[in-house]
Every structure is written in structure tokens, then in C-alpha cells.
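Below is one structure, written out as C-alpha cells, with a few remarks after it.
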Amino acid sequence: KIKGLGDGYSTPSVAHGRIFVLGTKGREERLIALDMKDGKELWATPFGAQAGSHPGARSTPTVDGDLVYVISSDGKLLCAEATKGEIRWRKDLVKDFGGEKGSWAYAESPLVDGDNLICTPGGSSATLVALNKKTGEVIWKAPVKGVAGGAKRGGYTTAGYSSAIAADIGGVRQYIQFIQGGVVGIRAKDGALLWNYDHPSMGRANCSTPIFHDGTVFA
């Protein structure tokens with residue numbers, strides 16, 4: 001039984017004999033590593049601040065090899081070393097990419113695909129971005145704008161609360177995401193918008209992660 005982690009909606013990830021989870025201390029959001037054997041706190045790295053009307057981080061840590069990736073509710077993207085919690089690199093989705101979060105702040109869990117890290121700042125200039133997972137260097141920015149339909153529900157480009165997935169469709173690798181205006185498919189190679197679909201968007205609380213199976217996307 002583990003106490004004192006603080007508020008939040010993060011789901012824990014387990015790797016390397018450790019539990020990785022987000023929690024708060026005051027309004028400060030922290031990435032925490034616990035020993036799998038006894039729940040002892042091994043390290044805690046502050047990296048963001050509470051945003052939105054509900055206290056606590058929403059992102060589930062993504063563990064890839066010896067690195068852990070998380071997003072705070074106010075849009076701080078962190079890459080930390082799994083062993084000691086030391087920060088390898090960080091980004092600010094709002095300041096660095098002009099991000100637009102939804103009413104309940106950022107809730108996405110980062111996607112690692114090969115050497116790419118994919119996340120969804122939102123906004124018209126970098127709705128989705130691909131970064132080098134080891135350095136944080138920008139590979140491409142994918143602006144989702146000028147598409148019909150979704151704008152009447154409050155804009156296609158605002159981030160929802162879903163996490164992106166990767167899929168190979170017709171021989172093309174793409175990232176599928178459910179944002180405020182609907183579901184979009186982004187080409188993995190260069191960030192080009194391949195397709196968009198306005199439904200089942202309700203415009204405010206698009207939370208579910210899309211599922212891809214047998215050439216079909218479910219959302």
C-alpha cells in the first residue's frame with residue numbers, strides 16, 4: 001500500500017522492476033518511481049504544474065528502454081532517465097509549439113514509434129508533432145487546419161484527451177488521433193494530413209483512444 005503520491009488521474013506503468021506514475025505536491029506535478037517489491041519511493045522529478053479545474057496529472061508514463069516520457073496537465077513534455085529520474089530533455093507544448101489544450105488540460109500519453117516520439121500540442125501550426133525520442137529535436141510539425149466540418153464544433157485543431165496510435169494502412173505508416181474536431185490520420189514520414197473524419201466528435205470531451213484493426217479505425 002502506497003500513500004502520499006498526491007492527486008491525479010495517471011495510470012501506473014511497470015518496467016525494470018519499478019512502478020512509474022504521476023502525482024502532485026501542492027500544484028507541482030511529479031514523475032515518481034517506486035520500487036516494485038515494497039513501494040518505496042526511489043526518486044521523484046518535478047516537471048509541470050496543475051492546469052484545468054481538476055487537480056493532478058492525467059498522462060500515463062511511456063517507458064521505452066531506459067527512458068520515460070510524460071506530459072503534465074499544463075503541457076510540459078518530459079524525457080527522464082528511468083534509473084535516477086534525471087531529465088534528458090524537455091519541451092513546453094504551449095510555448096514551443098503554440099499548443100491549444102482543451103478545457104480539462106492535457107491528458108495524452110506520449111507515443112513512441114521507432115525513433116519518433118509523437119504527441120499532440122494542438123493549435124493550428126503544430127497540431128501533432130514528431131520529435132527525436134533521444135534528443136527532443138523536431139522531426140516535423142503537422143498542422144491540421146483548413147479541413148471542413150470540425151470547425152463548427154469549436155475547431156479541428158484543439159487537442160482532445162486521447163492518445164495517438166500508429167498503424168500501417170495501404171502500405172503507409174500513419175498516426176491516428178482523436179482531437180477536438182474529429183479523427184485524423186497523419187503520415188508518419190512527413191506529418192502530412194492524409195484524412196479526417198468529423199464524427200464521433202462532440203467537440204468538448206473526446207477522450208477515447210482510436211483502435212485500428214483489419215483496415216478499419218474505430219473511435
Side-chain angles (χ1 to χ4, degrees), residues 9-11 13 58-64 69-71 73 75 77 79 91 93 97-133 136 138-219:
Y9 308 92
S10 173
T11 302
S13 298
R58 295 100 158 106
S59 177
T60 294
T62 299
V63 184
D64 181 67
Y69 304 90
V70 285
I71 299 175
S73 61
L77 169 62
C79 170
K91 297 287 183 181
L93 300 188
F97 302 109
E100 295 178 12
K101 58 183 180 292
S103 301
W104 294 280
Y106 287 104
E108 180 181 21
S109 302
L111 170 67
V112 173
D113 181 43
D115 292 330
N116 291 353
L117 180 130
I118 309 302
C119 62
T120 313
S124 59
S125 61
T127 317
L128 277 78
V129 296
L131 308 175
N132 182 294
K133 68 179 183 181
V138 176
I139 298 172
W140 50 250
K141 300 177 184 179
V144 179
K145 58 184 178 180
V147 295
K152 65 184 179 184
R153 297 183 179 87
Y156 232 106
T157 61
T158 302
Y161 311 100
S162 169
S163 299
I165 65 169
D168 293 308
I169 303 176
V172 178
R173 187 73 166 173
Q174 57 184 270
Y175 302 123
I176 302 167
Q177 177 63 302
F178 190 10
I179 55 179
Q180 181 162 311
V183 185
V184 295
I186 304 295
R187 189 161 56 198
K189 180 174 65 174
D190 56 10
L193 176 66
L194 296 174
W195 55 269
N196 62 279
Y197 192 69
D198 297 343
H199 302 287
S201 172
M202 295 300 291
R204 285 181 58 80
N206 298 335
C207 311
S208 61
T209 294
I211 296 171
F212 174 76
H213 176 70
D214 196 23
T216 303
V217 177
F218 297 85

Gap between atom OH of Y9 and atom OG of S59 - 0.5 Å precision:
14.5 Å
Take T209 and F178 through the test side chain to side chain contact (heavy atoms under 4.5 Å, CB included) and record every step on the way to the result.
CA-CA 7 Å; T209 294; F178 190 10; over 6 Å; no
Run N132 and L117 through side chain to side chain contact (heavy atoms under 4.5 Å, CB included) and show every step you take.
CA-CA 6 Å; N132 182 294; L117 180 130; over 6 Å; no
Judged by atom type as modelled, is there a donor-acceptor pair below 3.5 Å linking the side chain of Q177 to the main-chain atoms of S162?
yes
Report yes or no: does R58 contribute a side-chain atom to a donor-acceptor pair with the main-chain N or O of S109 at less than 3.5 Å?
no
How far does OG of S125 sit from CZ of F97, to the nearest 0.5 angstrom?
9.5 Å
Smallest separation among heavy atoms of Y106 and E100, with atom names:
OH-N, 3.6 Å
dist C119:SG -> L131:CG (nearest 0.5 Å) comes out at 5.5 Å
Closest heavy-atom pair and its distance - S10, P61:
OG-CD, 3.7 Å
Looking only at heavy atoms, what is the nearest atom pair of A188 and W140, with distance?
O-NE1, 2.9 Å
Could you measure the distance from the OG1 atom of T158 to the CD1 atom of I179? Nearest 0.5 Å is fine.
8.0 Å
When you check the side-chain N and O atoms of Y175 and D113, is any donor under 3.5 Å from an acceptor?
yes
Shortest non-hydrogen pair, D168 vs F212, comes out as O-CZ, 3.8 Å
Approximate separation, where rounding is to 0.5 Å, of I176 CD1 and Q174 CD
5.0 Å
Pick out which of I118, D64, I139 makes a side chain to side chain contact (heavy atoms under 4.5 Å, CB included) with K133.
D64
Approximate separation, where rounding is to 0.5 Å, of L93 CG and K101 NZ:
9.5 Å
Tell me the side-chain hydrogen bond (donor to acceptor under 3.5 Å, both in side chains) pairs involving residues 181-193, sequence neighbours left out?
R187-D190
Passes side chain to side chain contact (heavy atoms under 4.5 Å, CB included), V183 versus N196? Steps please.
CA-CA 6 Å; V183 185; N196 62 279; over 6 Å; no
Using distance alone, with no hydrogens and no angle criterion, decide if Q180 and T157 have a side-chain donor and acceptor under 3.5 Å apart.
no
Considering only heavy atoms from C-beta outward, does the side chain of I165 approach that of L111 to under 4.5 Å?
no
Correct closest heavy-atom pair for P110 and T62 would be O-OG1, 2.6 Å
Would you sort out whether Y161 and S103 count as a side chain to side chain contact (heavy atoms under 4.5 Å, CB included), showing the intermediate values?
CA-CA 10 Å; Y161 311 100; S103 301; 4.1 Å; yes
V144 versus V184, closest heavy-atom pair with distance
CG1-CG1, 4.0 Å
Does a donor on one side chain sit under 3.5 Å from an acceptor on the other, for T120 and E108?
yes
